[in-house]
Amino acid sequence: MTLGLDKNRMLINGQLARSSSHEVFQSINPATEEIIGAVPNGTHEDLDRAIRAARVAFDRSRWSEDREFRIRCIRQLKSGLDKYRDTLRDLTVQDVGSPISMTRHAQLDDPIESLEWVAKLAEGYGWERDLGVARPLGISSRRVVIKEPVGVVGAITPWNVPHQVNLAKVGPALAAGNTVVLKSAPETPLCASALAQIANEETEIPAGVLNIVTSARPELGAQLVGDPRVDMVSFTGSTLTGQKVMANAAGTLKKIFLELGGKSACVILDDADIEMATMVAAFTVCTHAGQGCAITTRLIAPRLIFDEVVEATRQYMARLPAQDPTLESTICGPVISDRQRRRIEGYLDLARKDGAIFVLGGDRPARPETGFFVEPTLLVGIDPRSRVVQEEIFGPVLVAYAHDGDQDAIDLANSTPYGLSASVWSSDLDRAMTVARGIRSGTVSVNGGLWYSPDVPFGGYKASGLGREGGIEGFEEYLETKAIASPG
Ligand code: NAD
């Protein structure tokens, strides 16, 4: 079914709203550089109204107490998104530049399906735990532990997988009984405003419970974090912004949950299936032009077979060119913007200065002629301490370097500030599991096993974040714990 798009699609206090300044801003299709639509450019005043509405809805309505109603609303949201799935698929390809094949997984279909998982979790969740009677200080007391929503959640999201991140916050936060103000990424505003419209038109979610503010003003994120009426900030974005969020949240000492950047390692051991390992490594780094926080962007291979591994990876990467994301065969689409492409090119220049060897790529492809494309790039000959190896590039750039045995591989995998994800390849599962345990990251894939699923907690060690999204752990991020004792 087609979703009629208009320009009034922020959701504030139950109304589809214009910006108080009447301004709009545009979304640009990264594959064609064409303007594909416009949404309200939310102001400080708009965000203030959204926060006030969320506060009133939390403090003055029965939303936080009525679990059955909440779960019904989550299911209505899923049905509404289902109804407009085809429109959303086209919109996502255009707004995000996502390969259409990805919309059948992480970019659209999986996030929609995950709402049912969240609804079921909330239905069966143990909201109370009876600890029985004890006699602290000789006073006989019956103790019960109850789980309650945190309150008003400020959700701030990035552009690379907008539906995934928006729904991974909105779903569990609402199911847990919170009210939400979502400030979406300025680069992909149409995905967020479509969600606003569907939530408004297809669900009974009461006024103020879910507010969605689109804005090109970067200061709005900081305003949301610093506002004392907001009880918790659920943030996904870069580590640099995450640090600012953490510092800003200290002023009002609120709960923060941070999903940040990564520089994940693919570790190949000397007994691995090289064909399979390199095929997956190449596919992973090319997926969505490397714009995934958990994508493995460092290839750490045994010194004795290093050249063989690099050549096999090169061959697989060469079969995955950057191309039109509307083609079913596309794995590597454009990057989000010219700014992001220049940022990636800055790292490639740095690699050149550092004496890296470009085994593949390093430029803009000759075709397509328009769009923000970067060739899949494979680099060797770089010092593992260099910035290109240590910092998140967020493009289709894989850096390969050698290890001298399992412990060295673990040490190298752990040698960046990040700890989001990793993969390990070995024909000996016990050996692979030992290496997986040694890597300090929130998720590890062994021999191609996939952790990506709504019941799996996902998140980072070290500079990759605080807390977990998904799974029971992710749901519990949005809950407070209260202990009540009465004479027993
Ligand atoms: P970003 O940090 O630039 O922006 C993220 C969001 O924060 C945007 O909505 C932005 O407007 C807002 N923002 C900017 N300054 C702010 C401030 N001072 N206070 C509060 N909010 C502020 O990130 P991006 O470029 O949109 O996204 C790419 C990054 O996101 C990458 O680093 C990627 O690894 C990360 N990411 C992480 C995960 C994860 O689950 N760990 C998932 C997706 C993306």
Side-chain angles (χ1 to χ4, degrees), residues 25 30 41-42 47 95-96 98 102 106-107 111 154-169 181-189 191-192 212-227 230 233-252 254 256-264 287-297 335-337 339-341 343-344 347 391-395 416-421 441-443 451-452 456-471 474 477:
F25 71 105
N41 192 7
L47 185 65
D95 201 29
V96 188
S98 162
M102 262 192 94
Q107 285 285 12
I156 302 176
T157 55
W159 44 262
N160 60 324
V161 271
H163 297 301
Q164 202 275 325
V165 187
N166 289 344
L167 294 178
K169 296 191 186 308
V181 178
L182 168 65
K183 197 226 62 83
S184 60
E187 296 85 351
T188 49
C191 289
I212 300 180
V213 175
T214 54
S215 181
R217 295 180 166 85
E219 327 80 74
L220 257 60
Q223 181 188 345
L224 184 58
V225 176
D227 194 295
V230 175
V233 171
S234 174
F235 172 83
T236 299
S238 63
T239 294
L240 189 64
T241 312
Q243 287 169 323
K244 291 182 192 161
V245 167
M246 197 167 178
N248 186 4
T252 44
K254 54 182 49 110
I256 52 169
F257 162 51
L258 304 174
E259 290 284 356
L260 308 177
K263 189 78 180 181
S264 302
T287 298
H288 192 23
Q291 301 168 113
C293 51
I295 282 176
T296 46
T297 51
V335 299
I336 189 72
S337 61
R339 182 165 153 256
Q340 181 65 12
R341 179 169 56 182
R343 186 174 173 273
I344 295 165
Y347 278 106
E391 297 178 12
E392 183 182 54
I393 298 176
F394 228 53
T416 76
Y418 296 106
L420 195 55
S421 193
S441 68
T443 51
W451 44 259
Y452 174 73
V456 172
F458 168 74
Y461 284 34
K462 304 193 287 179
S464 289
L466 292 174
R468 293 293 177 269
E469 197 137 77
E477 294 287 346

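Ligands are counted one by one from 1 in listed order, and the atoms in each one are counted from 1 as well. Atoms considered below: every heavy atom in the structure, side chains included; atoms not considered: hydrogens, waters and symmetry mates.
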(message) Checking the N or O distance criterion of under 3.5 Å, is ligand 1 in contact with Asn160?
(response) no
(message) Would Glu187 count as being in polar contact with ligand 1, using the rule that some N or O on each side must be under 3.5 angstrom apart?
(response) no
(message) Heavy-atom contact check, 4.0 Å cutoff: does Ala185 meet ligand 1?
(response) yes
(request) Find the distance between CE (Met246) and OG1 (Thr241) and round it off to the nearest 0.5 Å. (result) 14.5 Å
(message) If we set the cut-off at 4.0 Å for heavy atoms, which region of Asn248 has an atom near ligand 1: side chain, backbone, both, or neither?
(response) neither
(message) Using a 4.0 Å heavy-atom cut-off, which part of Thr236 comes near ligand 1: side chain, backbone, both, or neither?
(response) both
(request) For Gln340 and Phe394, indicate whether the former's side chain and the latter's backbone hold a donor-acceptor pair under 3.5 Å. (result) yes
(request) Say whether Thr241, considering both its backbone and side-chain N or O atoms, lies within less than 3.5 Å of an N or O atom on ligand 1. (result) yes
(request) Would you mind telling me if ligand 1 is within reach of the side chain of Leu240, the backbone, both or neither, using heavy atoms under 4.0 Å? (result) neither
(request) Heavy-atom contacts with Ser238 under 4.0 Å: which atoms of ligand 1 show up? List them by number with element. (result) 1 (P), 2 (O), 23 (O), 29 (C), 30 (O), 32 (O)
(message) Would Pro218 count as being in polar contact with ligand 1, using the rule that some N or O on each side must be under 3.5 angstrom apart?
(response) no
(request) Record the part of Glu469 in heavy-atom contact with ligand 1 below 4.0 Å; permitted values are side chain, backbone, both and neither. (result) neither
(request) Please state which part of Thr239 comes within less than 4.0 Å of ligand 1, counting heavy atoms only: side chain, backbone, both or neither. (result) neither
(message) Side chain, backbone, both or neither: which applies to Ser464 and ligand 1 if a contact is any heavy-atom pair less than 4.0 Å apart?
(response) neither
(message) Measuring from atom OG of Ser98 to atom CD of Gln164, what distance do you get when rounded to the nearest 0.5 angstrom?
(response) 12.0 Å
